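The structure appears below as structure tokens.
Keep in mind the model is a prediction, meaning the values are calculated, not measured. Numbers restart at 1 for each chain; the letters A, B, ... are given by sequence-line order, proteins then strands.
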Amino acid sequence: MSKNLVIVESPAKAKTIEKILGNEFVVESSFGHIRDLVSKGMGVEIDNGFKPIYEVSKEKKDVVKKLKKLAKEAETVWLASDEDREGEAIAWHLAEALNLNPATTNRIVFHEITKTAIQNAVQTPRRIDQNLVNAQQARRVLDRLVGFELSPVLWKKVRRGLSAGRVQSVSVRLIVEREREIRNFESSSSFRVVAQLTNSKGDTLQAELNHRFEKEEDALKFLEQCKNSKLSIADLETKPAKRSPAAPFTTSTLQQEASRKLSFSVSQTMSVAQKLYEGGLITYMRTDSVNLSNDAIEAAKGEISSYYGEEYSNPRRYSTKNKGAQEAHEAIRPTNMASHAAGADRQQKRLYDLIWKRTIASQMSDAKLERTTVHIEIDGNPYKFVAKGEVIQFDGFLRAYLEGTDDEEVEEKNILPKLHVDEVLEYTSISATERFTKHPPRFTEASLVKKLEELGIGRPSTYAPTISTIQKRGYVEKSDLEGELRKYQQLVLEAGNVEVNTLEERTGADKGKMMPTDIGMVVNDFLVEHFEQILDYNFTAKVESEFDRIADGSEGWVDMIDEFYKQFHPKIEDAEDAERASGERHLGDHPDTGKPIFAKVGRYGPMVQMGHVEDEEKPQFASIPKEMHIDTIKLEDALELFKLPRVVGEYKDKPVKAAIGRFGPYVQHEKIFASLKGELSPLTIDLETAIQLIEEKREQVANRNIKVFEDVDPIIEVLNGRYGPYLKQGRRNFKIPKDTEPKELTLEEAQKIISEAGEKKPKRAPRKAKK
DNA sequence: CAGTGAGCGAGCTTCCGCTTGACTT
């Protein structure tokens with residue numbers, strides 16, 4: 001039994017701190033928040049001063065029980081959760097749940113895990129800061145009110161199971177608006193002129209014309225003029241320049257770099273980093289701070305001096321540029337700078353390498369460069385060729401690490417030969433190539449995180465979950481666009497002759513980028529129309545400044561929430577009276593019958609509809625396949641869709657049909673349904689491919705069947721599932737206990753499993769709620 | 001799961017942030 005109990009948030013941190021504090025202290029972890037608003041219902045008594053109703057979270061019951069026991073036995077309890085709004089709230093919830101007196105309980109903080117920081121903290125305990133706790137309560141209650149009032153409106157107006165919130169809805173908006181920009185983008189082309197030149201000594205250099213020609217004939221005219229023009233150097237300028245290293249990693253910059261350099265997904269980066277953290281190899285990976293501890297700066301200095309040389313060392317402190325940063329932790333860095341490589345597997349090793357290099361580089365000298373710009377005159381022509389060169393005089397931090405870039409086109413910077421003013425140059429070739437303007441890029445997971453951080457939306461612990469939520473809800477999908485071929489012109493002047501070529505390139509191809517779905521767009525438009533305030537990119541920033549006022553005691557949290565709710569809630573009521581949101585678009589009328597055809601999002605997803613619901617003759621419906629969208633589908637596509645289901649052909653004397661069902665496109669033969677993936681469309685699939693898919697599926701199904709009890713009604717099947725064997729009766733599935741061999745299962749045992757599974761009713765198919 | 005887009009109308013879905021394992025139909 002120990003006199004002192006210290007409670008921190010993370011178990012890995014607890015272990016480290018326990019070692020530092022010695023045997024007078026027991027250090028335990030709360031595993032993050034232990035209490036939250038009740039999970040069922042609103043959890044806020046709106047009519048009772050917005051009183052929050054908290055409960056110990058289900059998965060934290062055991063943790064709280066254990067901490068309660070230890071707290072009772074200890075003489076002194078030290079609440080050492082993180083030094084930020086959420087950490088303060090965790091301390092307060094702990095005090096409440098463990099029956100500690102908040103007025104006397106010790107609250108300590110350290111934002112780096114070093115011996116000095118921890119010992120200092122224990123010397124200077126304070127009390128729980130109730131203002132900061134209240135700021136957190138305001139944040140929590142606001143998010144619950146927004147999320148749990150908005151989402152039900154969507155269930156009613158769009159589709160069941162949807163969700164909306166302060167963070168996810170703005171994330172979707174960014175992606176939707178970017179996609180619209182891309183769709184509305186009109187590409188224009190111009191001719192970029194590049195010359196390959198030589199001087200009298202035979203040295204070569206490349207230069208670009210300081211003008212782009214809009215018309216091919218002008219480019220041609222220019223090249224014709226160049227045939228006999230003298231090229232000479234008009235001026236030559238050399239300027240010193242420097243480059244400085246990037247700050248050490250935060251969660252968001254780590255996610256961006258790991259995406260650029262290692263092709264890691266945002267969530268993959270976090271789980272690999274978690275492993276490194278648990279192995280004691282790096283500091284905490286969910287942080288918005290670029291700060292390094294004094295110990296770390298010292299260690300980096302020593303490491304750089306001995307490994308690269310003293311002239312490479314330049315200790316620096318960085319400060320955050322992000323307004324919302326709470327900086328409860330250090331930047332992400334190696335715990336031991338002398339360890340140049342670490343990690344249990346290839347992924348861990350690669351991520352560690354990135355972290356080590358970035359940290360070390362941040363403490364190294366600037367790179368010194370020399371940039372040269374040469375202007376080359378064309379006799380009798382107003383335009384000039386420009387050549388740019390860059391020479392590294394001292395590599396500095398570049399020796400360790402260079403930050404990646406999102407730009408697709410990086411300006412080429414070559415090394416120029418020795419040149420002088422008035423020197424005459426000859427061309428070996430001058431080419432004018434048609435180049436097209438590019439639409440803004442789609443977001444990747446990582447570039448979305450970057451944007452969210454800039455807007456102050458979301459926190460290091462939520463970037464990865466947010467990306468997965470908006471995909472799970474079906475608002476956003478990763479793209480897989482093949483693009484198309486485009487012709488472009490290239491004119492080349494060589495040896496006094498101009499040749500004109502038509503070349504081909506692929507354009508519009510995009511893989512793994514974030515694209516909105518039809519549902520995503522419909523939901524977004526509905527939310528933007530009715531809840532402009534919440535969907536505003538600055539909403540989070542605005543409420544954050546209110547939270548700051550609560551934290552410093554100049555505003556009460558209930559007043560703030562009351563103010564907000566007074567104007568938010570009426571909008572909910574307005575939206576509930578609004579039309580159903582479907583994104584309906586009139587495509588045109590049927591050429592024969594004249595019936596109107598619409599595209600919209602229905603209960604089961606995007607669809608086309610022919611005729612009106614009120615009409616005497618009922619309307620016809622058809623699902624829209626993934627490759628088409630409600631806001632781009634054409635009338636003739638829609639007419640094709642009404643021809644589904646389509647008989648592809650005959651196989652074993654039975655028809656093979658193709659159609660689009662509730663779960664997407666499929667082909668069917670007797671009782672076998674095989675879904676269509678990728679480029680396959682029910683409109684175009686051929687019999688051979690369809691049969692192949694059906695046979696594959698038939699084999700899969702056969703392999704899944706272990707045993708069937710046909711004597712009972714309904715029959716019981718023993719199947720092999722993704723997670724092992726299970727029982728199936730009717731629409732219900734039952735887990736088979738681990739100690740049972742599925743092949744030897746008897747009917748009696750199977751029935752016992754089913755009856756023991758309880759009286760839970762099978763889930764019903766969703767039914768539409770009428771407005 | 002499966003070819004619809006009604007209605008009967010119970011009970012259900014949902015937020016953001018803080019932490020790790022548990023363990024899936």
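- With DNA chain B read from its 5' end, the first of the two nearest nucleotides for A674(A) and P152(A) is the one closest to A674(A).
- Q168(A) comes within 4.0 angstrom of the backbone, heavy atoms only, and of no base.
- Computed from coordinates, the F642(A) CZ to dG5(B) C1' distance equals 12 Å when rounded to whole Å.
- Annotation for K600(A): atom NZ counts as buried by contact number, over 12 foreign heavy atoms lying within 6.0 Å.
- Between the base of dC18(B) and the side chain of R286(A) there is no donor-acceptor pair shorter than 3.5 Å.
- Here the nucleotide nearest the side chain of F148(A), chosen from dT20(B), dC18(B), dT14(B), is dT14(B).
- Within 4.0 Å of G605(A), counting heavy atoms only, lies at least one base atom of the nucleic acid.
- Atom P of nucleotide dC1(B) and atom CD1 of I672(A) are separated by 12 Å, given to the nearest angstrom.
- At dC16(B), none of the side-chain N or O atoms of T462(A) fall inside 4.0 Å of OP1 or OP2 (strictly under the cut-off).
- Rounded to the nearest Å, the gap between the P atom of dC16(B) and that of dG3(B) is 34 Å.
- Residues Q274(A) and R166(A) each lie close to DNA chain B; by heavy-atom proximity, the contact nearer the 5' end of the strand is made by R166(A).
- In this structure, H669(A) atom NE2 and dA2(B) atom C1' are separated by 17 Å, rounded to whole Å.
- When each of dG5(B), dA2(B), dT20(B) is scored by its nearest atom to the side-chain atoms of S623(A), the top-ranked nucleotide is dG5(B).
- For Q136(A) and dG17(B), the shortest distance from a side-chain N or O to OP1 or OP2 is not below 4.0 Å.
- Of the listed nucleotides (dT14(B), dT19(B), dG3(B)), dG3(B) has the atom at the smallest distance from the side chain of A659(A).
- Residue-to-nucleotide contacts include no donor-acceptor pair under 3.5 Å from the side chain of R459(A) to the base of dC18(B).
- G458(A) comes within 4.0 angstrom of sugar-phosphate atoms only, judged by non-hydrogen atoms across all strands, and of no base.
- The side chain of S151(A) lies closest to dC15(B), out of dG3(B), dC15(B), dT20(B).
- A donor-acceptor contact under 3.5 Å is not formed by the side chain of S30(A) with the base of dT19(B).
- Stem analysis of DNA chain B (at least three stacked-register Watson-Crick or G-U pairs, each with both distances under 3.5 Å) gives none.
- Using atom P as the reference point in both dT14(B) and dT25(B), the two lie 15 Å apart (nearest Å).
- Under the 3.5 Å distance criterion, with hydrogens and angles disregarded, a donor-acceptor pair is assigned to the side chains of S163(A) and R473(A).
- Counting heavy-atom neighbours within 6.0 Å of K595(A) NZ, excluding the residue itself, gives a total above 12.
- Side-chain contact check for E86(A) and H33(A): at least one donor-acceptor pair (N or O, by modelled atom type) lies under 3.5 Å.
- For Q668(A) against dG3(B), a side-chain-to-base donor-acceptor contact under 3.5 Å is present.
- No side-chain donor from either of D536(A) and Q533(A) sits under 3.5 Å from a side-chain acceptor of the other.
- For E86(A), the side-chain atoms get nearest to dC18(B) when compared with the rest of dC16(B), dT13(B), dC18(B).
- No hydrogens or angles considered: a donor-acceptor pair under 3.5 Å links the side chains of H569(A) and E149(A).
- Side-chain contact check for R35(A) and S57(A): no donor-acceptor pair (N or O, by modelled atom type) lies under 3.5 Å.
- In this structure, R473(A) places its CZ atom 9 Å from C1' of dT13(B), rounding to the nearest Å.
- For the pair Y463(A) and dG17(B), the criterion of a side-chain N or O lying under 4.0 Å from OP1 or OP2 is not met.
- Rounded to whole Å, atom C1' of dC16(B) lies 10 Å from atom CG of L142(A).
- A donor-acceptor contact closer than 3.5 angstrom is absent between the side chains of Y475(A) and T469(A).
- Checked against the 6.0 Å centroid criterion, the rings of F642(A) and H590(A) do not qualify as a close aromatic pair.
- Counting atom types as modelled, R160(A) pairs a side-chain N or O with a base atom of dC12(B) as donor and acceptor under 3.5 Å.
- Distance NZ (K156(A)) to C1' (dT13(B)): 15 Å, rounded to an integer number of Å.
- Rounded to whole Å, atom P of dG3(B) lies 19 Å from atom CG of L683(A).
- Minimum atom distance to the side chain of S10(A) is reached by dT19(B), of the listed dG17(B), dG3(B), dT19(B).
- Atom OH of Y54(A) is separated from atom P of dC16(B) by 17 Å (rounded to the nearest Å).
- Across all strands shown, T469(A) has heavy atoms under 4.0 Å from sugar-phosphate atoms exclusively, and none from any base.
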